[in-house]
Amino acid sequence: MSSQTERSGMIPQFLRGLDVTVTIAAIVFWAIVLGWAYTQTLGRVQYGVIFVGGIMSVYALDQTRQAIENGDWIDGAVLLPATIVLITSSLYFALNFELVYIQRQGFAVPHEYMLARLVIVSLLYLTWREFGNLFLGVVGGMMLYGVFGNHAPGILEHAGMQELTLLQALVTDLYGFYGSLTQLTAAWIAPFLLYAGLLFGYGAFDLILRIAIVASKHIKSGVAQTAVLASAVIGSINGSYTANAAMTGSFTIPTMIESGMARHRAAGIESVASTSGQVLPPVMGASAFVMASYLGVTYLNIVVAGLVPAAILVASIGIAVHYTALSDASTQDMKFSAFFDEVMSNRQKVFEAVRFGVPFFVLVYLLGVAQYTVMTSALYTIVAMVITGISMPTIQRGLDDSATGAVEEFKTQFWNTVKGFRRGAIILAPIAIILVSINGVINILNATGVPNKIALLLIDLSGGVLLFAVLLSMLVAILMGIGMPTVAAYVIVAILIAPTLIADFNVPEIVAHYTVFYAAILAGITPPVATAAVVAAGIAEANFWQTCGAAIKIAAPLFVLPIAFVYNPALVNMDPGLNTLGAGTLVLLGAVTMIYGLNYPFELAFGPRTVLRTVLTVLGVFVMVYPGRLVKVAGIAVFAAVFLAEKVMVRGLELPFTTGARQ
């Protein structure tokens with residue numbers, strides 16, 4: 001009995017030890033990342049190999065702790081060896097880098113091939129564990145296609161790869177799993193996710209929620225708009241609409257329901273906000289960095305090109321959410337007491353503004369004005385965030401309290417910094433795993449010539465008609481995006497589809513990439529899978545299909561924007577001017593026409609209401625897509641006439657020019 005008690009007491013102690021070890025591993029990992037960003041003494045390939053070993057260490061320790069804590073000893077027993085294999089392989093290739101990468105390029109020795117087999121099996125397990133069967137099917141299926149492609153039907157047939165060739169392509173040549181995407185993650189994406197982790201650690205997202213609650217007092221749809229703001233901001237950073245729906249939906253959905261909103265609409269709003277956040281600058285779910293690398297332009301150019309499309313999306317979704325909230329006649333009243341114990345004083349607001357504003361200003365200045373590299377800009381932003389994150393609350397506490405209070409506050413913020421470092425590594429780990437896996441898939445695709453085959457197939461199916469080609473591209477993008485984080489879905493369609501739009505249909509490069517990027521996130525709200533809607537509906541205890549219907553009505557312009565980009569290329573411009581602003585305004589008004597038709601609570605009978613909704617939706621799509629500006633203006637004029645007529649005839653609004661006539 002005593003031995004059993006001792007064993008039960010040892011488990012919590014062991015878990016606490018693991019928890020501390022995760023934190024230490026995260027700090028060591030970030031020390032390596034920031035040290036390389038500052039010195040860059042190692043080549044990117046060698047650094048990428050070390051990066052994989054470092055992030056896998058954090059992932060292994062953290063996930064093993066969670067598995068044991070949940071009582072899943074089998075998962076822990078498999079997880080630990082799998083990650084040990086990946087860590088060992090990284091150490092081996094890093095220590096023997098010149099021998100493996102330079103002297104033996106194109107072949108390897110038997111024990112390296114065996115290590116490569118273990119790496120593949122381990123990575124497949126981690127991929128399945130983190131992202132489920134669908135993504136495992138994509139990665140595993142592509143490996144099988146690489147080996148047995150000689151049995152593939154028709155245009156997809158290729159000569160097939162020998163097993164050793166596959167092992168070289170994926171592991172031993174350091175071009176597959178350790179290739180360009182992994183290196184990009186290590187150099188560009190990782191520092192920004194550390195910045196995100198520090199924002200979490202210092203409570204920046206609580207500040208966002210506070211601001212949103214204040215705004216809700218002045219907007220009738222305040223609660224719902226708060227959900228959109230919080231989910232969109234966080235979704236832009238974390239890179240997964242499914243994870244974002246689970247994280248922010250846990251507090252936004254119950255709040256919307258309590259305010260009187262229907263469950264399926266609350267779930268629909270959250271799933272749309274989580275999905276649309278993936279395309280919002282500056283991070284765009286980590287895809288902005290990958291797109292910049294593919295196009296050979298600066299990261300800032302990608303962000304600038306995405307500003308007008310993002311503004312159209314945010315504005316149209318905000319209007320749709322407003323109408324949706326009004327249709328449920330919900331109270332839309334948020335109180336601080338539901339979330340926070342006390343209201344911030346004016347002094348606290350100033351200190352918080354400096355605390356988070358200075359690092360953001362550093363980031364914008366270094367990237368946009370000084371034209372520093374992404375790595376250097378992120379490095380100095382992180383340094384600024386740590387300095388202001390610790391010093392501002394300490395100074396404030398010293399002024400409000402005493403020197404003793406300032407010391408206590410310093411200790412608190414120091415540990416918040418440590419928590420931020422840990423949180424950043426934990427956010428990064430799943431993204432690193434999926435990009436490492438996708439890097440292997442890309443290497444196989446390139447080796448087998450699949451992108452060229454897909455291009456021929458797409459041209460054949462579309463009959464050379466641009467509209468059909470774009471619609472087929474969107475379909476492929478949605479299918480590829482099922483169950484995947486945004487950046488992974490974008491990478492695959494960027495390899496398979498974007499080159500065809502560019503080479504065979506003369507679509508500008510930046511436009512083609514934004515087209516497939518926007519299309520790739522649609523899987524989050526498109527049935528029958530719609531993973532963001534599934535999670536949101538589960539939290540809301542709502543019907544899945546009703547949730548999808550509400551989400552599609554709210555996010556309808558998102559389904560049209562990829563087509564609008566192709567026919568209105570001025571929308572996506574790395575050097576925007578009046579032409580871009582004009583095109584964006586007209587497309588936005590088209591989106592508003594759609595939103596108004598689909599979501600406005602018309603006080604009409606069912607038949608006339610249905611006809612009016614259909615007409616306005618079709619008109620909105622036409623205005624968004626059609627390239628001719630005069631036709632767009634005419635369509636907007638029709639919408640304006642319908643809008644005013646509804647207000648006068650149904651709502652009884654008296655316009656200035658009608659008042660005199662009635663007298």
Side-chain angles (χ1 to χ4, degrees), residues 212 216 219-232 234-235 240-278 313-314 316-334 338 478 481-483 521-559 594-604 606 609-610 613-614 616-617:
S216 72
I219 304 173
K220 290 183 179 180
S221 55
V223 174
Q225 301 293 359
T226 295
V228 172
L229 175 63
S231 299
I234 298 173
S240 170
Y241 43 68
T242 307
N244 192 53
M247 179 167 54
T248 59
S250 61
F251 69 84
T252 60
I253 291 174
T255 304
M256 285 187 279
I257 293 172
E258 286 175 12
S259 73
M261 185 172 287
R263 291 181 177 274
H264 69 280
R265 290 196 181 96
I269 288 172
E270 174 56 42
S271 59
V272 168
S274 296
T275 301
S276 61
Q278 305 297 300
L313 188 62
V314 169
S316 58
I317 288 175
I319 294 169
V321 167
H322 179 72
Y323 289 149
T324 302
L326 292 183
S327 67
D328 281 343
S330 53
T331 61
Q332 296 295 305
D333 182 24
M334 293 187 80
I478 292 171
I482 292 174
I521 71 165
L522 292 174
I525 53 175
T526 304
V529 180
T531 50
V534 167
V535 171
I539 294 172
E541 298 180 356
N543 179 274
F544 167 72
W545 293 101
Q546 286 182 320
T547 298
C548 286
I552 290 171
K553 283 174 64 179
I554 293 167
L558 181 57
F559 288 82
M594 278 187 72
I595 290 299
Y596 185 79
L598 289 170
N599 296 279
Y600 187 77
F602 291 108
E603 295 180 0
L604 297 170
F606 176 77
R609 185 173 70 244
T610 303
R613 289 194 188 283
T614 303
L616 287 173
T617 302

Q) Hey, are the side chains of L558 and I521 touching, using non-hydrogen atoms and a 4.5 Å cut-off? A) yes
**Q.** Straight-line distance of S276 OG to L313 CG, nearest 0.5 Å
**A.** 5.0 Å
Q) Between atom CZ of R609 and atom OG1 of T614, what is the distance when rounded to the nearest 0.5 Å? A)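 Rounded to the nearest 0.5 Å, the CZ-OG1 separation comes to 11.0 Å.
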Q.
Determine whether a donor-acceptor pair (N or O, by modelled atom type, separation under 3.5 Å) exists between the side chain of S271 and the backbone of G268.
A.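 Pair found, side chain donor or acceptor close to backbone of G268.
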Q: Locate the shortest heavy-atom distance separating I552 from I525; write the atom from each residue and the value.
A: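 Shortest heavy-atom contact: CG1-O, 3.8 Å.
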Q | Closest contact, heavy atoms only, V272 versus A551 | A |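 In terms of heavy atoms, the two residues are closest at CG2-O, 3.3 Å.
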Q: Identify the two heavy atoms, one from A540 and one from R263, that lie closest to each other, and give their separation to 0.1 Å.
A: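 Where A540 meets R263 most closely, the heavy atoms are O-NH1, 2.8 Å.
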Q) Between A537 and F544, which heavy-atom pair has the shortest distance, and what is it? A) CB-CA, 4.2 Å
**Q.** Value rounded to 0.5 Å, distance of CD1 in I319 from CD1 in I595
**A.** 7.5 Å
Q) Is there a donor-acceptor pair under 3.5 Å between the side chain of R613 and the backbone N or O of Y600? A) yes
(Q) With a 4.5 Å cut-off on side-chain heavy atoms, are I257 and E541 touching? (A)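 The answer is no, as the side chains (C-beta and beyond) never meet within the 4.5 Å cut-off.
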(Q) For T547 versus A267, what's the shortest heavy-atom pair and its separation? (A) CG2-CB, 3.6 Å
Q: Check for a donor-acceptor pair, side chain of N599 on one end and backbone N or O of V321 on the other, with a separation under 3.5 Å.
A: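 Not at all, since once roles are kept as given, no pair shorter than 3.5 Å links the two residues.
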Q: Run the numbers on M261 and I269 for side-chain contact (heavy atoms from CB on, under 4.5 Å), then give the verdict.
A: CA-CA 10 Å; M261 185 172 287; I269 288 172; 3.5 Å; yes
Q: Report the C-alpha distance between Y323 and L598 in whole Å, list the side-chain angles of each, state the deciding distance to 0.1 Å, and finish with yes or no for side-chain contact (heavy atoms from CB on, under 4.5 Å).
A: CA-CA 10 Å; Y323 289 149; L598 289 170; over 6 Å; no
Q | Atom pair CZ/CD1 of R265 and I554 - distance to nearest 0.5 Å | A |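 If I round to the nearest 0.5 Å, the distance is 8.5 Å.
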